[in-house]
Structures are given as structure tokens and as C-alpha cells.
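Reading through the C-alpha cells given below for one structure.
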There are 2 protein chains.
Amino acid sequence: MITIKDVARVAGVSPSTVSRVVRGEGKVGKVCRAKVQKVIDELGYRPNINAQALVNQKSNTLGVIMPNVSMSFFGALACGAEQAAKEQNYRVVISNAFGSEKAEMEAIDSLMQHRCDAIVMHSAHASDEVLCKLADKIPGLVFINRFIPQIPNRCVWLDNNLGAQEAARYILSKGHIDIAVITREVMNSDAKLRFEGIKTALNSAGVSLNETNVGRRDADMAGGRAAVRELISNGVKFSAVLVYNDNMAIGVIHELHACGIQVPQDVSVIGFDDLLISVACLPQLTTMHYPVEEMASYAAKLAIELSENSISSGRTHLFMPHLVERGSVIEATAIETEIG
Amino acid sequence: MITIKDVARVAGVSPSTVSRVVRGEGKVGKVCRAKVQKVIDELGYRPNINAQALVNQKSNTLGVIMPNVSMSFFGALACGAEQAAKEQNYRVVISNAFGSEKAEMEAIDSLMQHRCDAIVMHSAHASDEVLCKLADKIPGLVFINRFIPQIPNRCVWLDNNLGAQEAARYILSKGHIDIAVITREVMNSDAKLRFEGIKTALNSAGVSLNETNVGRRDADMAGGRAAVRELISNGVKFSAVLVYNDNMAIGVIHELHACGIQVPQDVSVIGFDDLLISVACLPQLTTMHYPVEEMASYAAKLAIELSENSISSGRTHLFMPHLVERGSVIEATAIETEIG
DNA sequence: GTGAAAGCGCTAACAC
DNA sequence: GTGTTAGCGCTTTCAC
């Protein structure tokens, strides 16, 4: 690998001069600059980022911590972060931290060791307290898809409650009254918020939600299937299902189909997240769009900004989901059969 | 950030000694080691990776270059690489390089600048020649999902031809004779190989494939839809469709559905790749499983190994796809209606 | 066994 | 304008 000294020697100048032209800062004579640039090009010189990081005490690195890149949601997250980072001349290092607070803390630790200036973290397992302490120690740390009241300016989050309300109101507007809700068994903050949003909307429309009408299972396709199956076998009567997320919703559609119940003719289904798969399903899933990429990109910029200026302005970073109408919801009046 | 000197000072030893205990190498007295370790723990000292990289001339970084992490296939790729890297105490930096050879070269450039020792690259746009030169310059560079004859030991690839043959034979074994093929318009190496595999299997079964029975479009859902639509409007008669990949296959299923043709009752459809979405579709897609994660993990290990030893053994790294039977293919005899 | 010293590639004062 | 020097945090001879 060719170094700054090599360039300096060949160009017949000092390393400082080369450094100046590379960074485009400081005074350098016009002809001298041209000469040096020529040598740089000829030799294909690239500054050693590690050396730069060492001397500058910053590494221009954005760390992204999340459960698993291979899951569509997190892939989109990583992608959004990468785009924003690239614009600011940051590289991004990905750290999967799946399943436990321990894994998450190890990821942070490793990123710190690399002197990551900025970090975007999707934490599912650490407590607010732990995260607050972390945020306190690391100025460039930003949380995505999570709201921590003590550090609102460090959180880039989605209004799950309002989103769920919108979904519910949409279903109501379609004339549905017999409504089932499927949520996740372990109620994390998202699940609580979305569930409450649904209840709020239903209540204010004068539609009551009986606990017998809510299914609770794992937040994946299998969970969705199991949840509706139980609802059906319990004799619950419904013409529409509000589902916690797209994965579960797809499961719901599949199970309904297996039971000979057609979506949307017999039952309408609405999801949440707008994952890639929602469009692969037949019928395509009507769902609430979660602007992951935009949020991730925003979070990345925020993290970088915070790491550089540490100005922790009081502004909040709240995003709104919006409805995407596809094929899984229709008017209740159009329903021919009703199960139950 | 606390440095090796801080630890040395507090522990009352020299930096060299601290370095020895941190790395667990070299002779250190037992009590001395314990004392130093204690200070390390108390102070929460973490070696600065940038400094290590600088002095060791290696950064323990694995670079992953691909079009776009947010696409399910590449997410899985990144994930496989990350897992393998973590095991070897490497960090992974992701670089999206979408759409052009230029973008790919810039990604390489940036990774070199970071002194990445090992790189796993998914190149869609660079030529074999360019890639060969690169491989020559960078010992730890490995290509995934691509076979370059001149450097077989640097390529981790899938036998697309045999996979396609298997898919075709499977369809034949189900009694289908009227077969349509949908491939991509711009025939990259994968597309050619898969198409030839299909022809090989069909030929040796004495089934001829007329060019009128092949649709060529973009390799996405919309392309799949457009391709069958054309086939149908051209009056082509078929009871099964062999599709280039899952995305197109899903599009095919959707379009067929829109035309009132049922899958698999009227027409069987088989895909290739086994993306996450293949299971979201209804019916779930029968397809050839592409072991991306295993391959990526293997490629990561290979890249790291090559970067460390540069022993470029002559072995090849060929993987095999395998059939995953789900719901989109049935016996031809079971077909009630045949379109055309 | 342990420490002193040099140097990895770069930048940032400070001279000239 | 340009060069000299010191030093970022670490590892690695080489003395002792």
C-alpha cells in the first residue's frame, strides 16, 4: 500500500504538503498542488483511514445495531442508514445483535472499540434505563423505532398509536362492526401502543372490543395462523381483522384461506409495517406503511450530527405511518357470508 | 476514551506489559497479569482498533459489496457474512453498490482505503477481466454468486444449470408437457445458465421448447406479470411455467389469478431462489432453494482465510440448490381446464 | 519477566 | 507557501 511519504518523495515535497492537497485545506501553491495531485493519481494513493482515525480521534464510521439484517424490515433500515452515511462520507458497519440485552451491549462495546462516532441502534431488549445511560456516555447514539421519554431528542420513532387508530378507523369506515384484533403475545411497547390505538378508535366509534375477539400469539406468520384458527374455533364472529404486523397478517390470510374463508370477500384483513412481502401475498395486503428507510436515513444523519456537534437540541423526531390500500380490505356491505 | 497508557500508569507497569496481557501473548508474571487485568476491568479499557490496525497493517474488517441490502437476497447474504465474520472477530462493513460498474469500483476503492483485509463481493456489472485484475491485486477478495473461469478458487457460486435442470425434471415428473418458460430480458450469466439447464432437461425428455413459449421481461414481479400476460394473449398453451426467479414467479401467479386462472389447479408455477416472499404468496411458491446464507458465510470465511494466508488452493466452491415443494405445483393429470 | 524506544500513516502546530 | 516536528494508541524488537 502506498503511503503519504511515497507521494511526498516522488513529488519532491513534504508529507504535510501532500496532506494539504489531499484534504483540500490549507495553503498550497497552484503548481505545487497540480504536481502533487498528478503523483497521487499516478500512484493511486489513498489515505489510510485508520491512521486518519487515530490522529483525528474520529473514525467517520456509523454503526448500525439491529437484530438481523436478513429480516426485510432491518434490511431496509440498514439500507436507509447506508445511503445517508455515504452522503456524509461515512462508512457503515453492521452489527447484528439478536435476542438479548447481552448481545446488544456486546454490539455497542464492539462499536465503541472501533471508535464509532455515530450509532443507530434498534434495541428490543435493553431497558430504558440502560439505554439512557448509554446515550449519556455516547453523544452520537440514536435509537430507532423506540421512544424513551427521558431522551426524546435521541429517539427516531413512529407514532404507532395514531397509525393503529387510522387503521381501525379505516376498517370502521368500510362498515365493519364485527372486528377481531390479533396482537402479539409478548406485548412490547409497539404492541401496546398499536393495541391502544385500536381501542381508542373503536371506542370513540362506539364499537366495543371484547377480549374474546383478540388473539395473542408470536409476531410471525405461524403466530398469525394460530391466532385466527383459535378465534374461529372459539366461534368468534368477525368480518374484519386488525393485525399487529404484516407477517402475522399474511399468516392470517393463509389460515383463513385454508379454512375456506376468502379474503377479502368473507373477511377483511389489515396489517402494519408494509413489508416487501405484503405485496407478494394474494390478495395483496392493505396495511399501514412504516417509512423505515426514511427514518433510518434521518436517524443516521441525526447520529452523525450529534456526534460532531453534540448539540442536543430539544426537537423530537416523530414519523407517521400512512395507509396503503391494496386488496385485503373491502366494504362490509359487500360481504356475502359471515363466519362465526 | 481510556488508553493503554492510562492502564499502565494505574497498574504501575509499562504499556508493553499491558499490551501483553490484553493480547494474551508473551511472558507476563502471574501476579502482574492479574493486577493489570483488574485495572483493565475497572477502567473498562478497550484497545483502540484503529491504532491496532495501523501498527498491525491489518484491520480485521470484512467488506461486503452488493447492490442493496434491503433486497431480501442480499440481506441474507450480508447476514451470513456477518455471522461468519463475528466468529473470527472481524467486523463487517457494508457497501451498497447499485446499478453500475462505476459504483462497484468505488465501493472497492473505499474498502481498500479502509484497509479491509477481506472482501466478499457480489458484482453484477463489472466484467470478468476487471474482476480478475482486482482479484490479483487484492488477495482477500472473493466473489459470490458468480463464476469466473480464470480464478475459480475465488468464486463462491451456485450451479444454476443443474438447479434449473432439477426444476424442469420435477415439472416433467409431474406429467407436464405443455411448458412455458419465463426468463429475464437482459440475459446475465445466471439467466443463461438457468435457461440452458431447462432446455437440457426438456430436450433429454424429448419435450421441445418452442421460442413462442418463452417470455422475456424484467426480473421482478411486474416483469413476471407482463411476461405471462403476453404468453396468454399470444394464445400459448401451457399447464406449467418455469420462472427465472421468485419475484417473477410471484408476479406470474398474481397475473394468472387476475386472469381467472388458478394456481396450481389450472397452471403450475415454479420459481428459483427461495426468497422470503415465496412463502408469503398464496399458494406458497414451490421453488429451488438458493442457500445464500451458507454461501455467504462460507465466502466470508474464505475471504478471511485468503487475506491471512494468501494460500490460493485450487479448490472450487460450488454449491447446489435444492427443490422446495410447496403449493404452486401439482400433477398435470389433476388439471381440469387447460388454457390456450 | 519487564521496560524503553522506535515506528505504523497521518495531521497539526509552529517555524521559516 | 512549505517543511519540521511531535504525537495519536498501539505493538514489537531489544535490552536488562
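Sequence lines set the chain letters: A, B, ... in the order given, protein chains first and strands last, and positions in each chain run from 1.
For B/Val28, whose side chain is taken as the heavy atoms from C-beta onward, the closest listed nucleotide among C/dT2, D/dC10, D/dT2 is C/dT2. Taking every side-chain heavy atom of A/Cys32 into account, D/dT2 is the closest of D/dT12, C/dT2, D/dT2. Which of D/dC10, D/dT2, D/dT11 sits closest to the side chain of A/Arg20 comes down to D/dT2. With D/dG3, C/dG3, D/dG7 as the candidates, the nucleotide lying closest to the side chain of A/Val13 is D/dG3. Looking at the side chain of A/Val55, the nearest of the listed nucleotides D/dG7, C/dT2, C/dA12 is D/dG7.
Backbone-only engagement by A/Thr3 is indicated by non-hydrogen atom pairs under 4.0 Å involving sugar-phosphate atoms exclusively. Residue-level contact check: B/Asn56 touches the backbone only, with heavy atoms under 4.0 Å from sugar-phosphate atoms and none from bases.
Phosphate contact (OP1/OP2 of D/dC8, side-chain N/O of B/Lys5, threshold under 4.0 Å): present. An OP1 or OP2 oxygen of C/dG3 is reached within less than 4.0 angstrom by a side-chain nitrogen or oxygen of B/Thr17. In this model, the phosphate group of C/dC8 is not approached by any side-chain N or O of B/Lys58 to a distance below 4.0 Å at OP1 or OP2. Taking side-chain N and O atoms only, A/Gln57 has a distance below 4.0 Å to OP1 or OP2 of D/dG9. Side-chain N/O atoms of A/Gln52 include one lying less than 4.0 angstrom from OP1 or OP2 on C/dT11. An OP1 or OP2 oxygen of C/dC10 is reached within less than 4.0 angstrom by no side-chain nitrogen or oxygen of A/Ser19.
B/Asp190 has no carboxylate O lying under 4.0 Å from a charged side-chain N of B/Arg146, or vice versa, which leaves the two without a salt bridge.
Summarising the geometry, the separation between CD on B/Glu25 and P on D/dT13 is reported as 11 Å, rounded to the nearest angstrom. For the pair A/Asn50 CG and D/dG7 P, the computed distance is 22 Å after rounding to whole Å. Rounded to an integer number of Å, the gap from B/Arg33 CZ to C/dT2 C1' is 13 Å. Between the C1' atom of D/dG9 and the CE atom of B/Met1 lies a distance of 12 Å, rounded to the nearest Å. Here C/dG7 presents its C1' atom at 9 Å from CG of B/Leu54, a figure rounded to the nearest Å. Here the C1' atom of nucleotide C/dG9 and the CD atom of B/Gln113 are 13 Å apart, to the nearest Å. Counting to the nearest Å, the P atom of D/dT11 and the CG atom of B/Asn60 are 12 Å from each other. When rounded to the nearest whole Å, the span between CD1 of B/Ile4 and P of C/dG7 equals 19 Å.
More than 12 heavy atoms of other residues, nucleotides or ligands lie within 6.0 Å of CZ in A/Phe319, so this atom counts as buried by the packing criterion.
Nearest-nucleotide positions on DNA chain C for B/Ser14 and A/Ile49 put B/Ser14 closer to the 5' end.
Between the side chains of A/Ser59 and A/Arg115, no donor-acceptor pair of N or O atoms lies under 3.5 Å.
At a cut-off of 3.5 angstrom, counting only N and O atoms as typed in the model, there is a donor on one side and an acceptor on the other between the side-chain of B/Ser16 and the base of C/dA4.
A 4.5 Å side-chain heavy-atom check between B/Phe143 and B/Val156 finds every atom pair outside the cut-off. In this structure, the side chains of B/Val64 and B/Val93 stay at 4.5 Å or more apart for every pair of heavy atoms.
Of the possible donor and acceptor atoms, one in the side chain of B/Glu104 sits under 3.5 Å from a partner among the backbone N and O of B/His125.
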